[in-house]
2 protein chains.
Amino acid sequence: MTLATHAQRPLRKDAEQHRQQLLTAAVLVFNEQGLDASVTEIARVAGVGVGTLYRRFPTKEALVDALVREILDTTIQMARDALKSPGGTGLERFLEASSAYQAEHAGYLRRLWNTDHEMVKTARQLIARLLVDAKKHDLIRHDLTNTDLSLAMFSLLGVLEATLPVAPDAWRRHLDLLIAGMRPAASDLPHRALSPATLDKVLATHKASLVSE
Amino acid sequence: MTLATHAQRPLRKDAEQHRQQLLTAAVLVFNEQGLDASVTEIARVAGVGVGTLYRRFPTKEALVDALVREILDTTIQMARDALKSPGGTGLERFLEASSAYQAEHAGYLRRLWNTDHEMVKTARQLIARLLVDAKKHDLIRHDLTNTDLSLAMFSLLGVLEATLPVAPDAWRRHLDLLIAGMRPAASDLPHRALSPATLDKVLATHKASLVSE
DNA sequence: GTCTAAGCGGAGTGTTCACTCCGTATCGTA
DNA sequence: TACGATACGGAGTGAACACTCCGCTTAGAC
């Protein structure tokens, strides 16, 4: 939860506390109002001035980035934990746990998979291992790919964004459906999966469009 | 494609033409830049002044509404056509056809299911009939509900929004997965489906949040 | 051809943001 | 306790946007 990332010299005690208050407030406000929430509002909720916010985070973008790192951090940890699950059940565990966690941060989830950071690569590699493991135990159909799982994430995001305020658990039912579709079956899925290279391009482009607007 | 909706007295010939140009331009621009695209840009692409745009559509919201009606109109027609399909295959046909069509209007799809208009009710009733028919022929699992289909729509929207510019067909693969999950299976989906009433509330709230921001 | 209701363009208006600047306050060391 | 480095607040700035207003233009009825 603390997510250090201290650069060089540690912050003064009060400054560090304000930094934490800002991060907490940002989570709260973004979840309530979405990414369009104003920085002024975040500062207000945190109980500090906008000046303080901007001394700690040079742009609004940087603030969101810090939150995203925090999510990625937790997600990676969840994937690592899931790898210890017996009998190839790790993937399903991970999908459920990470969705539940992400449901609490849906306000800025779109930024999650669109960062260049090493962390995204790490997360995707871990998930790939979960998929291999699940296939090995015949819990998941063999024609399912890593890119399919990425699409499934976007799909859950779409459901989350639509339902969260009113039906905070609706994503569970949808995940049920997705997992049912992932089970081994007599015939392969009709269309070809996205290539990893294409998916990378998707993520890169998506990021660009989020920034430009 | 023409979507009359003339109020009382017909528009002057040039005015009607400008109206069409504006609608066409709006589709183009919203698809390229999303709903945040500026009204000025739409007018520019249409080759008219902003004044003209505002004489035809009193607010930006009204312009989007006109586009949404156009999509709903087509979607309803597709559902009607699908009902004529033999052997309970109508639902799958409809899901594919309407997704393909909606992929060309992804820029403002979020507004689709959030209008109060009679058309949404009509569309949902038709889709419900498609579902009943598919179940009758044992093509779709019996514990699947209408609200599940709505969630599936949001899910596809999430995929579309993320992939469209780079991989315009990615949604097909995801739809494959969804449909695979909808097939009859030995056990029911673990979690309970959303009630229709809750879904209605979801849509209403979603709309409100779109307007306020 | 004339006349007028209908339509037009785009500068202007008010508002909302992200972000900056600087006079003041506080931390923490000696 | 004193003092410099660090941090603070929030008014101010410029840009972007939705929407309005009004002097000019044009369609189309006679």
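Naming convention: chains lettered A, B, ... in sequence-line order (proteins, then strands); numbering from 1 in each chain.
Residue contacts for R44(B): at a heavy-atom cut-off of 4.0 Å it reaches no nucleic acid atom on any strand shown. At the heavy-atom level, V50(A) lies under 4.0 Å from base atoms of the strands shown.
Side-chain proximity of A15(A) to dG9(C), dC19(C), dA7(D): nearest is dA7(D). Comparing dC19(D), dG9(C), dA18(C) by their nearest atom to the side chain of R55(B) picks out dG9(C).
OP1 and OP2 of dA27(D) both lie 4.0 Å or more from every side-chain N or O belonging to K13(B). Residue H18(A) has a polar side-chain atom (N or O) positioned under 4.0 Å from OP1 or OP2 of dC8(D). Side-chain nitrogen and oxygen atoms of T52(A) include at least one within less than 4.0 Å of the OP1 or OP2 phosphate oxygen of dG9(D).
Between the side chain of R12(A) and the base of dA7(D), no donor-acceptor pair under 3.5 Å is found.
Atom pair E16(A):CD and dC8(D):C1' shows a separation of 16 Å (rounding to whole Å applied). In this entry the distance linking CG of D14(B) with C1' of dT25(D) reads 10 Å, nearest Å. In this structure, L11(A) atom CG and dG28(C) atom P are separated by 11 Å, rounded to whole Å. One atom, CG of L22(A), and another, P of dC8(D), lie 9 Å apart when rounded to the nearest Å. A straight line from CG of L35(A) to C1' of dC17(C) spans 15 Å, rounded to a whole angstrom. Atom pair Y54(B):OH and dG7(C):C1' shows a separation of 18 Å (rounding to whole Å applied). Remark: C1' of dG7(C) and CZ of R56(B) are 7 Å apart, rounded to the nearest angstrom. Note: CZ (R19(B)) to C1' (dC8(C)) measures 17 Å, nearest angstrom.
Along DNA chain C, the nucleotide closest to G51(A) and the one closest to T40(A) are compared, and the more 5′ of them pairs with T40(A).
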Item to complete: Would you please test S150(A) and T147(A) for side chain to side chain donor-acceptor pair (under 3.5 Å) and show each step?
Response: CA-CA 5 Å; S150(A) 294; T147(A) 59; over 6 Å; no
Practice prompt. Could you walk me through whether R172(B) and E96(B) pass the side-chain contact (heavy atoms from CB on, under 4.5 Å) test, one step at a time?
Written response: CA-CA 8 Å; R172(B) 290 183 189 275; E96(B) 209 218 286; 3.0 Å; yes
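A salt bridge is defined here as a Lys NZ or Arg NE, NH1 or NH2 lying under 4.0 Å from an Asp or Glu carboxylate O, and E41(B) with R44(B) meets this definition.
Using modelled atom types and a 3.5 Å distance limit, the side chains of S155(A) and H174(A) yield a donor-acceptor pair.
Relative orientation of the Y101(A) and H105(A) rings is tilted, given thresholds of 30° and 60° on the angle between their planes.
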